[in-house]
Every structure is written in structure tokens, then in C-alpha cells.
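Here is how names work: the chains are called A, B, and so on, in the same order as the sequence lines, proteins then strands, and each is numbered from 1. All values below come from the heavy atoms of this structure, side chains included, with hydrogens, waters and symmetry mates left out.
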Amino acid sequence: MTDYVPQNTELSWQKAWDDAGIFNVEFKEGNPKFYCLEMYPYPSGKMHMGHVRNYSIGDAVARYKRLMGYDVLYPMGFDSFGMPAENAAIAEGGHPHDITERNMASITEQIKRMGFSYDWRRMVKSHDPQYYRWNQWFFLKFLESDLAYQEFAPVNWCNSCDTVLANEQVKAGRCWRCNGPVIQKEMSQWFLNITEYAQELLDGLETIDFPENVKALQQDWIGRSEGAEIEFGIEGHDNTIRVFTTRPDTLFGVTFLTLAPEHELAEKLVAGTEYESEWKSLHDEIMVMSEFDRIKNMGKKKGVPTGSFAIHPLTGEKIPIWIGNFVIASYGTGAVMAVPGHDDRDFDFAKKYDIPIKRVLVMNEEAGSDDELEAAECDLGWMVNSGLEGFDGLYGDEAKTAVCQALEQQGKGNGTVNWKIRPWLISRQRYWGTPIPIIHCPSCGVVPVPEDQLPVELPRDVIFDGKGNPLETSDSFCNVDCPKCGTPAKRETDTMDTFVDSSWYFLRYTDSMQNDVPFNPEVANHWMNVDFYCGGIEHAQMHLIYARFWTKALRDIGLHNIDEPFNELLCQGMVNKSAPWCNSCGITLHVDYSDQDCPHCDETLAIRSAKMSKSLGNTVSPEEMIEKYGADTVRLFILFAANPTAGMDWSDAALEANYRQMVQLHGMPDSILNWQGQASDIDVWMIARLKQRYNQWQDAMDNYDLRGAVDASHFDLVKDLNWYRRRGGENPEIGKEILDVWCHMISVATPHLAEDWWKIMGNDDLIAGRTFTKPADLTSDEKSALEAETYLRSFLEQARKVAKVAVKHIGGQPESATIHTSRPWKRELAIAAINHVNSGGNVKAFAGILAELPFVNSNNKGEIMGFWGKRMLPQIFKWSDEEKTMICGHLDEGAILSAASGFICSDLGLSSIDIESGVVDVGRSSAAIPLAPSIVYS
RNA sequence: GCGGGGGUUGCCGAGUGGUCAAAGGCGCCGGGCUUAAGAUCCGGUCACGAUGUGUUCGUGAGUUCAAAUCUCACCCCCCGCACCA
């Protein structure tokens with residue numbers, strides 16, 4: 001047998017796959033297709049364990065589907081625009097382009113070393129002008145359809161990244177990338193109106209197979225809320241204030257209005273009043289604050305009166321107008337009608353500023369309409385105190401509708417839907433992204449770059465000094481002639497958010513080897529949508545919403561006819577490794593603190609599993625692992641350590657165990673092909689078992705239960721083979737049959753090993769290029785063989801247990817045993833009871849039927865009744881379906897035991913056994929029941 | 001506060017009403033093989049008077065002939081969102 005040296009063989013198999021172009025796939029109409037996709041990586045310098053896990057999962061799925069006869073589109077590319085490369089250029093010198101290309105080269109090599117089965121020809125690189133020209137082209141199309149537009153508006157600005165951010169990219173008031181504070185800044189920016197698709201994005205979630213938490217995240221983000229927009233007049237003013245509310249049923253409880261400090265009317269209303277300076281200080285305080293601090297301080301509600309009064313649209317009451325720090329300018333209308341009686345926040349505010357609180361709902365119909373409110377009662381209730389006819393007594397939706405109708409009649413409001421999702425701000429003031437194809441002309445204004453001048457390429461002659469947008473330092477880029485009038489003009493220097501790149505790369509993959517169109521609609525329609533999309537949960541909001549939106553937008557400009565880009569999404573779990581943990585401080589520490597006391601509180605540190613990260617120092621280098629054990633072992637470990645969606649703890653011990661398993665598997669074909677034995681009875685069992693394992697494996701693969709699949713293919717079958725050998729099986733014909741099926745099964749997770757096997761088996765082709773059809777169903781002989789061995793194994797287990805006890809009783813090692821199978825009437829009784837229960841009969845009622853059974857007579861009736869109640873009744877429910885089938889079938893316990901008596905003796909270390917299958921009880925035979933004979937050692 | 005997911009036998013982890021004292025892996029223990037080690041193979045790994053019985057699946061109650069699994073309440077952990085009107 002040759003040693004397992006994957007470091008050599010894996011590389012040569014990878015070359016063989018490459019040379020044969022075995023993973024290249026072409027568009028063939030009518031063939032069943034499967035589109036397997038992983039989120040394309042940002043080319044940081046090295047492949048990390050998260051990548052390895054992600055792609056090991058995807059590759060297993062791709063290879064499986066290929067084996068099952070699908071045309072599998074399985075591409076790889078790079079999300080190669082983005083700030084890290086630009087920041088590296090600023091920090092270390094060099095050019096983002098060169099840094100990116102260099103990183104891509106090294107990460108590509110590492111990915112290839114894993115042996116993933118990509119069609120590399122289809123590579124998509126975001127920073128390739130032949131890719132991003134289409135970003136620009138789409139942008140122009142969106143401009144035509146008004147989906148893209150420019151607006152001067154307050155936007156999120158990250159000081160440390162020197163650029164604006166989309167709402168999705170602000171997490172808890174901080175930048176998603178650098179975690180720096182985000183402030184508000186008024187700027188002219190480009191937006192895509194994703195809100196036009198809000199409803200479709202929400203509805204679409206019902207039709208796709210995304211994990212629940214991702215759906216919940218997206219629903220939250222889209223944030224649909226139904227309510228009403230209501231117009232309040234202002235006493236002595238022509239202006240009106242519009243508010244949005246989800247609770248029009250509480251309209252009669254409004255005792256004040258609150259404006260956001262930056263609301264356009266706020267300044268007007270306080271101008272020249274005693275409140276002006278107070279408003280000014282509140283306004284300034286808020287405007288300088290980062291949104292993060294603002295949110296942190298929102299607990300402290302602050303308000304300033306304006307001195308002005310609004311007019312209630314239905315009752316005409318005068319309502320004071322306030323300005324509050326808790327009102328967000330960008331949500332709804334930036335103004336809130338405050339109902340302290342039925343809203344917690346308004347209640348607190350009213351208490352603080354001594355504003356009246358009015359009850360206009362009761363929570364049960366009997367409650368008094370003037371009961372004092374101890375706290376806001378926010379649930380739906382029955383209207384009271386409306387002061388107008390036709391409202392009191394209405395509940396919930398009915399109440400809301402009635403109020404909305406009244407408002408509509410007066411022209412003072414209407415039912416409406418408000419969305420949390422904002423237009424997507426795509427402008428970025430950074431270099432390493434797609435230039436926005438716009439030219440600003442002093443006379444013509446904003447002029448789109450004509451299509452035939454695309455791509456607008458990024459210039460090389462820029463300075464990366466960390467000051468402002470590098471694009472502005474390129475004269476050749478900035479100074480152009482206006483395409484309309486020919487006079488000197490300036491190019492737009494904003495680039496696009498890099499999430500634009502990842503919003504359609506999956507479409508490009510379907511047809512990336514041409515540059516005439518972004519993709520051919522026919523080809524895209526064939527491959528799309530993505531059947532299996534695998535990646536990290538961190539993209540649940542940004543990428544996965546943008547990509548869904550972009551797909552729909554492209555559909556609507558007629559580029560394809562796909563509604564949703566991704567059918568099934570799988571978010572792989574984190575790769576964790578243990579790190580020191582302080583229980584009292586509740587923090588995870590760097591591995592340098594291992595075996596020490598907590599630096600903060602001096603307590604002894606515990607160990608806890610934490611996501612692999614540089615900051616904790618608990619990372620494992622994939623390169624080193626591959627170097628040491630080979631790619632297949634790493635893949636096997638990753639698939640076996642946990643199910644794809646679960647978190648996975650890295651364990652060196654477990655990895656080594658998997659390596660040992662690989663060593664053992666590696667030797668399998670050699671040893672099996674050396675079998676010299678004859679055909680034997682156990683052969684049927686082995687083939688049956690092989691089929692059973694195959695089915696188990698296929699079921700698991702179909703459900704993306706990769707762990708279960710690997711368990712069957714790489715672990716269970718080894719055990720089965722051991723059993724076969726123990727039972728005397730060594731039939732070379734059977735061996736060949738096993739290897740053939742088995743080799744296909746292992747090729748999904750450990751493809752290199754499978755090629756080794758395939759070659760040893762004498763084949764010239766590559767197993768990676770093969771398809772496989774399911775073996776025939778189990779024959780009845782095979783089913784019986786499975787039953788017989790199951791019976792034998794459970795008998796041996798029982799016998800061993802009993803033997804331990806017997807040693808104490810007989811005072812030494814037993815030498816022989818008498819086995820009493822259960823009396824035939826017990827089995828008949830069991831069959832009758834099983835049938836009774838299976839046909840829906842009540843267990844308790846069976847006692848009544850029992851006396852009528854043919855084998856029951858006056859002599860044995862008492863015994864049988866006693867046995868039924870005490871022993872058989874509970875047992876009926878303990879038997880598995882498989883066992884019940886065995887009992888009701890043709891299983892002959894005595895015959896099985898006789899046939900295997902030699903094996904039983906050697907296994908239990910006995911010199912002889914006696915099998916007793918009589919009709920009358922002798923000795924301990926009364927304890928036996930079907931499938932569980934009694935065993936007496938001597 | 002809201003939303004999503006969890007708490008299983010030393011550890012990881014499967015398990016959606018009887019198949020459950022609960023798969024599999026890791027760890028640990030014993031045995032075979034071996035000059036020996038490693039690998040591999042076989043067995044054990046809740047307790048006890050053991051062909052059985054008792055106790056166990058976050059806590060407490062309930063439904064059922066039967067609960068890790070269903071219901072209710074509570075506790076704890078993780079992950080998002082968060083004064084969204």
C-alpha cells in the first residue's frame with residue numbers, strides 16, 4: 001500500500017481537471033441546470049477559514065449536482081473594488097489597482113489549492129473596465145427611467161473614510177466598515193430610488209427560500225407601516241404640518257404636535273419669539289452630534305415650545321406645537337402628532353412638560369371613559385371622548401378606517417403606507433470604484449456620458465495622499481468637453497458604492513465571456529435564478545437587498561425576465577476557536593492571555609469559543625493546514641465538524657482524527673482489490689447495506705445536510721465494511737461493486753481522494769466528470785438480509801450485556817450458553833396487537849379481543865393475559881417500525897442464530913451455544929420476547 | 001423594548017409524541033494485533049442489587065396510556081433592530 005501523501009497527488013489531480021476543462025459548462029437549452037453560487041470574495045491578501053468553509057460547502061453541492069446529471073454553473077470572481085486597497089495605497093504607497101491584482105493573484109492560488117470545481121473562465125472582477133462599464137450603462141438606463149436621480153440632501157458622512165454612506169451602511173450610528181462615527185452633512189448626491197420596489201421586495205420574500213432570520217431582517221429594514229397622513233393647519237399661518245401616524249384611531253387624543261428640530265417649519269415658527277434661542281441651541285446641539293451620540297442621548301427627551309398652535313383637523317381645537325429632540329427628520333414627515341394617553345413616549349414627554357393627557361380609548365368595553373390614565377395605554381381599544389358623532393365605541397381597524405374616512409372627506413388626510421427603507425445613496429467620494437458617468441457643463445448642466453463613450457475609466461494619474469477624493473487630482477479625468485455643446489466641462493468625481501458591483505455579478509457570470517452586452521437575455525434566463533447561494537449572514541441587509549432590487553430593476557428595463565435572483569440562501573455559520581474568556585467582565589480576550597488571570601479584574605480566565613479573528617489571535621491559517629494535511633482533510637473536517645448553518649468550533653484534535661480517517665480511506669481500494677475470498681451469504685447483506693448507505697447519503701445531500709452525507713460516505717460505510725469482513729465476507733466481485741458506488745459518494749467532499757481511488761480501480765477517465773445514477777431498489781432478499789443482521793447485532797449487544805452480569809452469578813467466564821427464542825404464541829400475540837394498533841384500534845381494547853385469538857385456550861389464558869398486561873403492552877410501543885416489520889414478516893430467529901452460531905461463539909468467547917426454539921417454556925425461556933431471546937450462560 | 005434563533009447525557013452535536021438512556025464525533029477507559037509505540041480493529045463510557053429498575057434533555061406546571069419532542073409560565077444565552085410616530 002502506498003502512503004497517503006495528498007500534498008503531491010492533489011496538485012496533479014487539480015492539473016488534470018484543469019487540462020480536461022472538466023468544470024467548464026456551456027449553455028445548452030433544455031438541459032437541466034443548477035446554478036451554485038458563493039458570495040464572491042473581496043480580495044484581501046489571504047484566504048481565511050471563513051472562505052474555506054463557504055467554498056467547501058458550495059463545492060460539495062456543485063459536485064453533487066454534477067454527479068446527478070445537472071449542468072452546473074459554478075463560477076468564482078472577485079469583488080475587487082473597495083476601500084481597503086485604496087487605504088493600503090494611502091498607507092503604504094502603490095496603486096490600488098496593483099495592490100488588488102497582487103492580492104487577487106495570491107488568493108486565487110490559495111483557492112485553487114483547495115481544488116474547488118469552478119469554471120474559472122467565467123471569472124468576474126469588479127474593477128475590470130469591461131465589467132464596470134455596465135454599471136455605468138445601467139446607471140444611464142436608470143437615469144432615463146428616473147430610477148436614478150441627484151439630490152441635495154443631508155446624508156451620512158464618515159470622517160475617517162472620507163465619504164458618504166448609504167443608510168444600510170450605518171450601524172448603530174457608526175460606519176459599517178471602520179466603525180467611526182457618522183455625522184450628517186448636506187451634499188448633492190446620487191440616489192437610486194429603491195423605495196419604488198419596497199412592496200415587491202417585501203412580497204418577494206414569501207416566494208424565496210431564505211432563512212427566517214434573514215427574512216425578518218429584510219422585513220425590518222424595508223419597514224412597511226400602514227397608517228395615515230394627517231394635515232394640521234397652523235393658527236395664523238398659511239403653512240400646514242403633515243404628520244404620519246399608524247394610529248389614526250387616537251387622533252382625538254392629540255394634545256400637542258412635535259416637529260424635528262431641523263423641520264423646515266421649526267425655524268419659521270420660532271423666529272422672533274422668546275423660544276428662538278432655545279430652539280437654536282437644541283438644533284445646534286443635535287446637528288453637531290453624530291447620529292450615534294444622538295441616539296444615545298435620545299433617552300433624555302428634550303422639547304422646546306414654539307408658541308404656535310395647530311388646528312385639529314376634525315375638532316378645530318388649538319394644539320400647541322413643540323419641537324422635540326426625539327423626532328427624526330427623515331422618517332415619515334419629520335413631524336409627529338402626540339397622543340400622550342396612548343403612546344409611551346408622548347406620555348413621558350407630556351409628564352415632563354406638563355401637557356394635558358387625554359383618554360380617547362378604553363381597553364375593555366366596560367371601562368369608564370373618564371378613568372385616569374396611570375400610564376399610556378398603547379393597545380388597540382374602543383374609542384371614547386371623541387366629541388363627534390359616529391366614533392365612540394368603534395374598535396381597532398374599524399376605528400382607524402372611520403377616522404381616515406372623516407379626514408378624507410374634509411381633505412385633511414388620507415390612509416397611507418410609510419416605508420422605513422430610504423432611497424439608496426450610491427455616491428462615494430473615493431477613487432477605487434465605478435466612476436459615475438456624468439459630466440457637469442456650465443451651460444448644459446448635468447449631462448450623461450453618451451453610451452458610446454463608455455466605459456469611463458479610472459485614471460492612473462492620481463495622488464493617494466489621504467486628502468479628499470483622489471479623482472480630483474487627475475486633470476485628464478476631470479477636465480473634459482461637454483458632449484452636448486463641446487465647451488470645457490467637469491467630470492463627476494463621485495464613484496459608485498461598491499455594493500453596485502455585487503448587485504448583478506451573478507447575472508454577468510451567466511455570460512461573462514463576451515463584452516458586447518452585459519449578458520445575453522436568453523442565456524441569463526436559462527441559468528437564473530441562482531439555485532443555491534451560500535455566504536455569510538452579514539450580507540442579509542445590504543448586498544441581499546440591493547441585489548434583489550437590482551435584479552428587478554434590470555428586469556423592468558427589459559434585460560431578462562427573472563423576479564428574484566436567489567432561490568435558496570444558505571448562511572454558513574461562523575468558524576470559531578477557543579479564546580480566553582472572563583466570566584465577570586463578560587469579555588473575550590486575546591489568546592496571549594491564555595492560562596492567565598483577567599487583566600481587568602484578576603479573576604481566573606475560562607475558555608470560550610469565539611469567532612476566529614485577528615484581534616483575538618485565534619485564527620488558523622488554511623495554508624498551513626493544507627500544507628500539513630492536504631486539502632481533502634481540511635474539506636472533510638469542515639463538512640463533518642458541523643452542519644453548514646451551525647457555528648463550527650475549530651479543533652486540532654478533530655482535524656487530526658479526520659486525517660486518520662483519510663489515511664484509512666486512502667488504503668481502502670488497495671485492500672479491497674486484494675480480496676481473495678469466495679461468494680458467501682453475507683454478500684447480499686453488504687450490497688443491501690451499500691444501497692442503504694447510498695440512499696442515506698443522497699437524502700442528506702438533497703437537503704444540504706452535508707454533515708449527514710459525509711457521515712454516511714466517509715464514516716458509516718467503513719464500519720459496514722468492517723462488519724462484512726468480520727462476518728467472513730471477502731468476495732472480490734462484491735468489493736468492486738462497493739468501490740464503484742462508494743468512490744462516487746466520496747468524490748463530493750474529498751474529490752482528490754476519489755480520483756486516487758478511481759485510478760487504482762483501473763479507470764482512465766476522471767471521476768469528477770462523471771454522472772451517477774442511483775442503484776436499484778432493495779430486493780426482498782436484500783431486505784431480509786438487512787433484517788437478519790440487524791437482529792444478530794442487537795442479539796450480540798444484549799448477550800454481551802447479560803454476560804457481564806452472568807460473570808457475577810456463575811463466578812467465572814461463561815463457556816457456553818443456551819439461547820431461548822420466544823415461544824411462537826408470543827410472536828402471534830405481538831403480530832395481532834401490532835395489527836390491531838396499526839389499524840387504529842385502542843390499545844386498552846385489545847385485552848378484550850385477546851381471548852378470541854386462535855392460540856388462546858382455557859389452559860393458557862391466564863398466563864397470556866398476564867403477559868400481555870405486564871410485558872407486551874408497553875413493548876408494543878417500544879418497538880420501532882423496522883422492528884415491527886421484522887416481527888410481522890418472515891424473520892426466523894432460530895435460523896438466524898443457528899446460521900451464525902460459529903460467529904456468535906467467537907464473538908462472545910464461548911465454546912458452544914444451544915439454540916432452543918420450542919413451544920413449551922423451559923427455564924428462563926419465559927423471559928424471552930420476539931426479537932429478544934433470553935440467554936443463559938453456564 | 002421589538003424581531004429571529006437557541007439551552008440535550010464530560011465536551012461538540014443529532015434528535016418535532018412511542019423507534020430514546022437518546023445517533024455521530026471528540027475525549028476517556030478496557031481488550032485484540034504488535035518486540036514496542038503509532039495506526040487499525042473490537043468493546044465500554046448516568047446510577048444501581050442489572051436479560052431488570054431508577055433518574056436524566058434550562059426551571060416549574062399542564063395535555064396524553066405515552067413527552068427531549070406538544071401547551072402555558074418563568075430563567076438564561078446568542079444574533080439583528082431600536083424613541084420609526
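Proximity note for A:K719 (side chain, C-beta onward) versus B:C42, B:G25, B:C84: the nearest is B:G25. Each of B:G24, B:G44, B:G4 was ranked by its minimum atom distance to the side chain of A:A216; first place goes to B:G4. Distance from the side chain of A:R800 is smallest for B:G44 among the nucleotides B:A85, B:G44, B:C81.
Summarising the local packing, NZ of A:K801 is surrounded by 12 or fewer heavy atoms from other residues, nucleotides or ligands at distances under 6.0 Å. Summarising the local packing, NZ of A:K577 is surrounded by more than 12 heavy atoms from other residues, nucleotides or ligands at distances under 6.0 Å.
With ring centers used as reference points, A:F256 lies under 6.0 Å from A:F349. Outside the 6.0 Å centre-distance limit, the rings of A:F637 and A:Y629 are not counted as a close aromatic pair.
Residues passing the side-chain hydrogen bond (donor to acceptor under 3.5 Å, both in side chains) test with A:R800 are A:D907, sequence neighbours excluded.
When both distances must be under 3.5 Å, the Watson-Crick or G-U wobble mate of B:G43 is B:C29. Partner assigned to B:U71 is B:A61, using Watson-Crick or G-U wobble distances below 3.5 angstrom. With a cut-off of 3.5 Å on both pairing distances, the Watson-Crick or G-U wobble partner of B:C2 is B:G80. Figure legend. B:U35 is base-paired to no nucleotide; pairs are counted as Watson-Crick or G-U wobble with both atom distances under 3.5 Å.
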Open item on the list: Counting primed atoms plus P, OP1 and OP2 as sugar-phosphate and everything else as base, spell out the protein contacts along nucleotides 48-54 of chain B at 4.0 Å heavy-atom distance: B, S or - for each nucleotide, 5' to 3'.
Closed with: --BBS--
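Going from atom CD1 of A:I537 over to atom C1' of B:C78 covers 13 Å, rounded to whole Å. Rounded to an integer number of Å, the gap from CZ of A:F637 to C1' of B:G13 is 13 Å. With rounding to whole Å, A:Y4 atom OH is found 17 Å from B:A39 atom P.
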